[in-house]
Amino acid sequence: MTIRTNTPNLLDHLPVPLPAKLAAAWTSLMFFVIYIDYFHLYQPGVIDQIRSGGIFEFDITPTLMSIFVVVIGIPALMVMLSMALPARVNRTTNLAVASLYIPVMVFNAAGASADWAFYYGLHIGIEVLILAFILRSAWTWPRRTASPAALAASLDGEPLRTPQQA
């Protein structure tokens with residue numbers, strides 16, 4: 001005869017709330033974007049081009065730098081918003097922003113030479129995979145969540161009792 005306890009195993013994988021998964025995915029995307037921008041500086045001629053006042057085909061201006069702040073600021077804000085927004089707004093916001101950012105990430109390959117095709121394909125592919133995870137997670141977000149009492153009852157393995165049944 002075995003005695004069963006309700007003590008959780010310390011090695012069990014505890015469920016991670018969906019907002020935390022989304023925040024982690026946006027954080028991962030942000031780290032990746034930052035490192036890709038940093039690695040871009042290693043390409044021959046890039047630093048000289050920046051020193052001469054240009055990035056790709058664009059002149060470095062306050063307007064361009066402001067656009068960069070907005071483009072990078074939105075995913076950075078999504079880290080916090082994924083944890084702070086109410087569920088319905090959170091789901092919609094994640095779906096909208098992740099959908100809009102797929103073309104933004106693909107635009108990074110604009111003007112790239114064939115020599116760098118694998119590099120751009122690889123990093124854009126990883127960014128799109130992270131965004132696809134965000135889209136899938138937000139799309140499959142449960143429409144309604146169980147009450148804390150129902151959740152506690154399911155974790156204990158006992159059926160939920162109404163006050164009249166107790």
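There is no path of hydrophobic side-chain contacts, each under 4.5 Å, that joins Val69 to Ile67. A continuous path of ILVMFWY side-chain contacts below 4.5 Å connects Met65 to Val46, so both sit in one hydrophobic cluster. Taking hydrophobic clusters as Ile, Leu, Val, Met, Phe, Trp and Tyr residues chained together by side-chain heavy-atom distances below 4.5 Å, Ile72 shares a cluster with Val128. The hydrophobic cluster containing Val70 also contains Val104, counting ILVMFWY residues as joined when their side-chain heavy atoms lie under 4.5 angstrom apart, directly or transitively.
Ring planes of Tyr35 and Tyr38: perpendicular class, angle over 60° (limits at 30 and 60°).
When all heavy atoms of His40 and Tyr119 are compared, the pair lying nearest together is N-OH, 3.8 Å. Among all heavy-atom pairs drawn from Asn90 and Pro19, the shortest one is ND2-CB, 4.2 Å. Nearest heavy atoms, Ala76 versus Met30: N-SD, 3.6 Å. Closest approach of Phe32 to His123, counting heavy atoms only: CE2-O, 3.5 Å.
Rounding to the nearest 0.5 Å gives a distance of 10.5 Å between CD1 of Ile74 and CG of Leu81. Rounding to the nearest 0.5 angstrom, the gap separating the OG1 atom in Thr27 from the CG atom in Leu22 is 10.5 Å. Rounding to the nearest 0.5 Å gives a distance of 10.5 Å between CG of Leu18 and CE of Met83. Note that OG of Ser82 and CG of Leu77 are 10.5 Å apart. Values are rounded to the nearest 0.5 Å. Leu122 contributes atom CG, which lies 10.0 Å from atom CD of Glu127 (distance to the nearest 0.5 angstrom). Here CD of Gln49 is found 8.0 Å from CD1 of Ile60. Values are rounded to the nearest 0.5 Å.
Contact of the Val33 side chain with the Met105 side chain is registered, since non-hydrogen atoms from C-beta on lie closer than 4.5 Å. Looking only at side-chain heavy atoms (C-beta outward), Met78 and Leu29 stay at 4.5 Å or farther from each other. Contact of the Val71 side chain with the Phe107 side chain is not registered, since no non-hydrogen atoms from C-beta on lie closer than 4.5 Å. Leu135 places a side-chain heavy atom less than 4.5 Å from the side chain of Ile102. The shortest distance between side-chain heavy atoms of Asn94 and Leu85 does not fall below 4.5 Å. Val97 places a side-chain heavy atom less than 4.5 Å from the side chain of Trp26. With a 4.5 Å cut-off on side-chain heavy atoms, Tyr101 and Ile134 do not count as touching. By the 4.5 Å heavy-atom criterion applied to side chains, Asp48 and Arg51 are counted as neighbours.
One N or O on the side chain of Ser137 and one on the backbone of Phe133 form a donor-acceptor pair closer than 3.5 Å.
Relative to the six-membered ring of Trp139, Arg91 meets both conditions, a distance below 6.0 Å and an angle of at most 45° to the axis.
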